[in-house]
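To start, the structure under review is shown below, and the notes come after it.
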Amino acid sequence: MGLTVVLVVSCRGGTPSSGPGGAPSAGGSDLFTGALTGHSDAVSALAFSPDGHTLASGGADGTVRFWDTATGKQTGLTEHEDPVLHLAYSGDGSTLVGITGGSESMGGELWLADAATGAVRKRLPGQFASDIAVHPSNGSFAVADGAGSVHTYEAATGAMTSQATVTPSTSWVDALRYSPDGAWLAVSAGALVRLWDAQNPAPRAMSALVSPEFMKMDKRFTTFAASRVVLFSPDSQTVITPGALDGCRLWEVNGAVRSSWCGTSGVSGAALAPDGRSLVTFGVEGGLHVWSMTDGSETYTFTGHLGGVTTVSVHPKGGLVASGGKDRIVRLWKAPGLGTSGAAKPAAGD
């Protein structure tokens, strides 16, 4: 197409080298491992399979593509009528849960697909699903709708097992996340983040999170702006809320704020390394940033997407970061040590 893309990796503690055209160098010191092409519109969702062998990517072009993470080859393709908004694998890796719809702000249709083939085997009722949270152990997942309710389903059958109202019908649910121990369900709605008892989410939240700049009112607390991602530390004792206006905040599950960092610019999305020691974020400036969860320092950055990053995911065993962009490309970045030994620093050679 006559377009040259310059890929840059900035790091603390080493300068990776690259081969011609941005490809990995022969010495293996470059963190960028490959570009996965095929989407005809922006990449909007990414999900690694639990075993890490497959990466599923969803696009605004309505396609879900499956990639072999060892070779970078596309292994499957399914097409939908609407843009893909969210993707998540069930805990056992046998089911891919997806949401397709006109826009993120309006949500969309919920469906279950066979993870091996991508074939949709069931479409679930409702047209306004906004996010998916997979339970860590019991084979279920939770989905929020546009009416302030959370529904839980069995991933294997699609049978609904419970429904609870978690926010007023006028508040759109922006994000859901189960804690790794399965005890909490975090719900971000508007400028509020609440923690619910995952076994019995009604009738009220057990805890809530509030920016220290605001006053507590009846245990309902607020951040500066909606958090479209809610994350838990591996021990389930810390909640991370990246925000569009106030960077990242770390909270104790009792609602006490621990610290705030991720720089001064807003954070649009984030993913946590498996060991909880590193956080990968992206914002409006277009790059990927890796932060140490120990001291909040930035360890390195990845740049290369044209037009900005739209989604990010970390390999379940660490060491690999996937990002999707408005440039219609999925990029895989090698991050030595990420998720296995704390905040990684690129090293020369493999």
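Computed from a predicted structure; not experimentally measured.
With 3.5 Å as the limit, one finds no donor-acceptor pair spanning the side chains of Asp82 and Thr100. Side chain to side chain, Arg121 and Thr95 meet the donor-acceptor criterion of an N or O pair below 3.5 Å. For the 3.5 Å distance criterion, the side chains of His53 and Asp51 qualify, holding a donor opposite an acceptor. No side-chain donor from either of Thr63 and His80 sits under 3.5 Å from a side-chain acceptor of the other. When only modelled atom types and interatomic distance are considered, Thr152 and Ser162 share a side-chain donor-acceptor pair under 3.5 Å.
Remark: side-chain polar atoms of Ser130 are paired, donor with acceptor, to backbone N or O of Val173 under 3.5 angstrom. Panel note: side chain Ser233, backbone Thr238; a donor-acceptor pair is recorded below 3.5 Å. Here the side chain of Thr310 pairs a donor or acceptor atom with the backbone of Val43 at under 3.5 angstrom. Lys122 contributes a side-chain N or O that, together with a main-chain N or O of Thr157, makes up a donor-acceptor pair within less than 3.5 Å. Thr71 contributes a side-chain N or O that, together with a main-chain N or O of Lys73, makes up a donor-acceptor pair within less than 3.5 Å.
Counting heavy atoms from C-beta on, the side chains of Glu298 and Tyr300 never come closer than 4.5 Å.
Using the six-membered ring where Trp is involved, Tyr178 and His135 have ring planes that are perpendicular, over 60° apart on the 30 and 60° scheme. The aromatic rings of His39 and Trp67 lie tilted to each other, with the angle between the two planes from 30° to 60°.
Exactly one of Leu110, Asp131, Thr311, Val97 qualifies for a side chain to side chain contact (heavy atoms under 4.5 Å, CB included) with His86. That residue is Asp131.
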